[in-house]
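Computed from a predicted model, the values in this text were never measured in an experiment.
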Amino acid sequence: MKKLKFYIPVLAIACAGIVFSTTSCVDDSESQSVTNLRGAKADQLKAEAALATAQAEAAKIAATAEAALKNAQAEAAKAQAKLTEAEAAYKAAQTEADKEKWAAEIELAKEAARQAKAQADVAVKAAEYQLAQMKLQAEIELLNLQNQLEMLKNDDPVLVDAIGKYSNFIGQVNAKKTQIAEKNLTLTKMNALLADKTASKEEAAATQIKYKNEQIASVTEAIEANKIEIANWNVLLAKGGADIEAEIAELKKQRDDLVYNKSVVSHKALQAATDATEAAYQEVMDFRDLNTVKTWLSYDYDKQIQMVGYYTVGELKNRLTDEKTYLANMEKSLLEMETKYNEAEKNIESLYNAYLAAQQAVVKAEADRDAVYANVASTQDQKDAADAAVTAAYTARGVAYTKYTDAQSDLDSYQSSIVYYKEYIADAKSGIADLETAIAAYNNDSNAPRTLETAYYTALTAKQDAQKAYSDLQAEISALESEMYQLSNIYYSEGYTTSASIDYIKGQIEYLENANIDNTNYIAQLNRDINEIKENKTVDIALLKLDISELEAEIAKLTVELGVAQKQADAAKAIVDARTK
């Protein structure tokens, strides 16, 4: 022991002297504690990345669900617009063939609306399930990170304190991020419900108002027809009821001029106005079909079109930039994944062959051991060595098998990811093409859709004016024919006299004037009904809007709290990173 103590310092001195000229006595290997710290730090960084990925995926799921719901709502709105159009066309159809055609269109539109709602329900349920899974995954990754942080602790009190704070604050960050994702999904569902309720309430109210307005239009038309008859009866009354036969002939002449001349011209003008309106309407629809619609609103029966909010050119360009960035990132990720796959594929065969070789080694070791045991001359040491060789062969086979299966699992994972990335890339490219088409349609003018709508409204107004002119002519024709019929009854009745005809004319004037008084009162009642419908349609919608406002306030509060927790976590992490370099 004395000699040992003597030689140790001598050896140390020797090494210290040599260090100036050579490094042969220097130990280049790092200490085990440094190695452990390096490994723990790497695991911490991996855990942080995994947690961030899970959190980002949770937010993405909520955003994807929102997009899916909006798309489904847009499809439902389109289907409703087509349904309304088809129902109006069915009502106006003159032939059975036309009625059958529009009846089929009505059924198709109803089915499209049903499918859109089903798609919305599927999107919500899928998002809820995926979000629950990602929330669980985020919690697992958080626990893993917190465990890795515990492994970094040593006798440094500053580090221990920073790790404790970081672990706590990163937990708060995770909780608030997942809560925000959940609440955003709930908000999306509530907004979708609001849109449905608003649409259904607006639709119901608009349908009732439309029916009332149609009644008003019909009664107003009757009033105007009665006024024409009253005026004509007054003309005849002023003549003293004389020469009814000549009056009938005059009325027939007027009627024929309206039927064969003015009515024909008016009908052509109406048809031209109708064609122009349909063309202008189609231009609006074609523009909307380019995914330029940001928000679908209620149907406007006066304008006979679904009201919408459009993206601006700037918004579409921003979306295009984001989509291109997203595509570039996806393509980069795909390339990285394909590189990993190719590397893994190169190694998989050799690992499999190594496993087969290890399996054969096990068979050989067992055969050798059996031969040793079968030899009566074998010693115990030989038997023990043979047993040890078998054990070593089994261990080697286990290691080889693990390496092979792990590599195969990685290969499968890479392949699955490649398929995933390719699908996303294809979708992104399709979306980019749609956006570019939409931007081109704007031609750098954000007012382009409104210009198209204004052209449609102008054409619709012209059509309505032409429709009114044609309807007025038909009302005038009807009034003339009614008067001719009445005069014929007077003229061909028994006991016809001038005084009797005057009494009859006066009676007709009184009857028509009373009918107009009743019709005017009825229109006033219909207008009161319309005002009541408008007042009573928004009660539960207002309550739902209040719930949405409260939820938005909760999300805003959580977002602020998240920012505070994130800053605290970042500050603590900075200390941890500095102390574990």
**Message:** Assess the residue pair Tyr424 and Leu334 against the criterion (side chain to side chain contact (heavy atoms under 4.5 Å, CB included)); give the C-alpha distance rounded to whole Å, side-chain angles, the decisive distance to 0.1 Å, and a yes or no.
**Reply:** CA-CA 10 Å; Tyr424 264 77; Leu334 173 61; over 6 Å; no

**Prompt:** Stepwise, does the side chain to side chain contact (heavy atoms under 4.5 Å, CB included) test hold for Leu551 with Asp547?
**Reply:** CA-CA 6 Å; Leu551 182 56; Asp547 290 340; over 6 Å; no

**Asked** Can Gln566 and Lys177 be said to form a side chain to side chain contact (heavy atoms under 4.5 Å, CB included), step by step?
**Response** CA-CA 10 Å; Gln566 187 68 63; Lys177 280 188 175 181; 4.0 Å; yes

**Request:** Could you walk me through whether Ile509 and Glu513 pass the side chain to side chain contact (heavy atoms under 4.5 Å, CB included) test, one step at a time?
**Result:** CA-CA 6 Å; Ile509 291 172; Glu513 286 176 341; 3.7 Å; yes

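Between Tyr456 and Ala280, the shortest heavy-atom distance links the atoms CA-CB, 3.6 Å. Scanning both residues, Ile228 and Glu476, for their nearest heavy atoms gives CD1-CA, 3.9 Å. Between Asn226 and Ala515, the closest heavy-atom pair is ND2-CB, 4.0 Å. Of all heavy-atom pairs spanning Glu221 and Ala475, the tightest one is CG-CB, 4.5 Å. Across all their heavy atoms, Met484 and Ile248 have their closest contact at CG-O, 4.4 Å. Across Ala459 and Thr277, no two heavy atoms sit closer than the pair O-OG1, 2.9 Å.
Other residues, nucleotides and ligands contribute over 12 non-hydrogen atoms within 6.0 Å of the OH atom of Tyr420. Within a 6.0 Å radius of CD in Glu510, other residues, nucleotides and ligands contribute 12 heavy atoms or fewer.
Looking at Gln464 and Gln304, their side chains come closer than 4.5 Å, going by heavy atoms from C-beta outward. Annotation: side chain of Ile305 is not in contact with side chain of Leu460 (no heavy-atom distance under 4.5 Å). The shortest side-chain heavy-atom distance between Asp472 and Glu224 does not fall under the 4.5 Å cut-off. No side-chain heavy atom of Tyr311 sits less than 4.5 Å from a side-chain heavy atom of Ser446. At least one side-chain heavy atom of Leu562 sits under 4.5 Å from a side-chain heavy atom of Val173. In this structure, Lys303 and Glu453 have side chains that are not in contact, with every pair of non-hydrogen atoms separated by 4.5 Å or more. Residues Val313 and Asp445 have side chains not in contact (no heavy-atom distance under 4.5 Å, counting atoms from C-beta outward).
Sorted by first and then second residue, the pairs that involve residues 549-565 and meet side chain to side chain donor-acceptor pair (under 3.5 Å), not counting sequence neighbours, are Lys176-Glu561, Lys183-Glu554, Lys557-Glu561.
In this structure, CD in Glu250 is found 10.0 Å from CG in Leu480, a value given to the nearest 0.5 Å. Considering CD of Gln282 and CG of Asp289, their distance stands at 8.0 Å, rounded to 0.5 Å. Rounding to the nearest 0.5 Å places CG of Leu526 at 9.0 Å from OG1 of Thr220. Atoms CG and CD1, on Leu187 and Ile180 in that order, are 12.0 Å from each other to the nearest 0.5 Å. Here the CG-NZ distance, from Asp434 to Lys429, works out to 14.5 Å after rounding to the nearest 0.5 Å. Interatomic distance, CZ of Arg319 versus CG of Asn291, reported as 7.0 Å (0.5 Å rounding).
Salt bridge Lys253/Asp257: absent, no basic N to carboxylate O contact under 4.0 Å.
Although no hydrogens or angles enter the test, the distance criterion places no donor-acceptor pair under 3.5 Å between the side chain of Ser266 and the main chain of Lys262. A distance-only check finds no donor-acceptor pair linking the side chain of Ser263 to the backbone of Tyr260 [under 3.5 Å]. In terms of modelled atom types and a separation under 3.5 Å, the side chain of Ser482 and the main chain of Ser478 share no donor-acceptor contact.
When only modelled atom types and interatomic distance are considered, Asn521 and Gln525 share no side-chain donor-acceptor pair under 3.5 Å.
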